[in-house]
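Okay, so here's the structure we're looking at.
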Amino acid sequence: MTMKIRAIMTTVAASVLLLPGTATASAYPVEDAPLLTGNPLYTAGRLPAANCAGKPAKGSSLASVKRHVSALITCMNDTWRP
């Protein structure tokens, strides 16, 4: 595998591993700041679970990695669409 493809695959793998987790905020809640807390994003709730990891990319060409990453992103967008 070329170094560029290996770097892309490492980034994709790290992203997939980090996405399922949730972070716990340790800061105090923001109050009296409607510009920060009035965004509808905060009322959206949890994202639904996505089963997008699928199979690893086929082959070792840059084109196959791009197809794999594109399919992964499409799956996430479809799953998390409002």
Side-chain angles (χ1 to χ4, degrees):
M1 231 188 281
T2 67
M3 202 63 153
K4 191 172 187 178
I5 294 173
R6 184 171 289 148
I8 291 170
M9 290 303 294
T10 301
T11 302
V12 169
S15 298
V16 170
L17 291 174
L18 294 174
L19 287 175
T22 57
T24 304
S26 60
Y28 58 89
V30 176
E31 295 177 3
D32 300 323
L35 286 175
L36 298 176
T37 59
N39 190 312
L41 178 64
Y42 292 107
T43 61
R46 288 180 155 238
L47 291 172
N51 188 14
C52 296
K55 299 177 183 176
K58 293 180 181 177
S60 60
S61 70
L62 182 58
S64 68
V65 173
K66 284 182 177 182
R67 281 192 302 275
H68 178 73
V69 171
S70 178
L72 181 65
I73 292 170
T74 299
C75 175
M76 287 183 202
N77 285 337
D78 291 343
T79 301
W80 297 335
R81 187 177 325 263

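Only heavy atoms go into these numbers, but all of them, side chains included; no hydrogens, no water, no symmetry mates. Each residue takes its place number in the sequence, starting with 1.
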Task: Set of side chain to side chain donor-acceptor pair (under 3.5 Å) partners for T74, sequence neighbours left out - done: none
TODO: Scan for disulfide (SG to SG under 2.5 Å) pairs involving residues 40-82, sequence neighbours excluded, and state none if there are none.
DONE: C52-C75
TODO: Quick one: list whatever passes salt bridge (charged side-chain N to carboxylate O under 4.0 Å, His left out) with D32, sequence neighbours left out.
DONE: none
TODO: Mind checking side chain to side chain donor-acceptor pair (under 3.5 Å) for T79 and listing every partner two or more places apart, or none if nothing turns up?
DONE: none
Open item on the list: For the CG atom of L72 and the CE atom of M76, what is their distance to the nearest 0.5 Å?
Closed with: 3.5 Å
Open item on the list: Can you confirm whether D78 is buried at CG, in the sense that more than 12 heavy atoms of other residues, nucleotides or ligands lie under 6.0 Å from that atom?
Closed with: yes
Open item on the list: Applying side chain to side chain donor-acceptor pair (under 3.5 Å), can you list everything that pairs with N39, at least two apart in sequence or on another chain?
Closed with: none
TODO: Kindly write out the residues that satisfy side-chain contact (heavy atoms from CB on, under 4.5 Å) with P34, not counting sequence neighbours, or none if the list is empty.
DONE: none
Open item on the list: Looking at every non-hydrogen atom in both residues, tell me the closest pair between W80 and P48 and how far apart they are.
Closed with: NE1-O, 2.9 Å
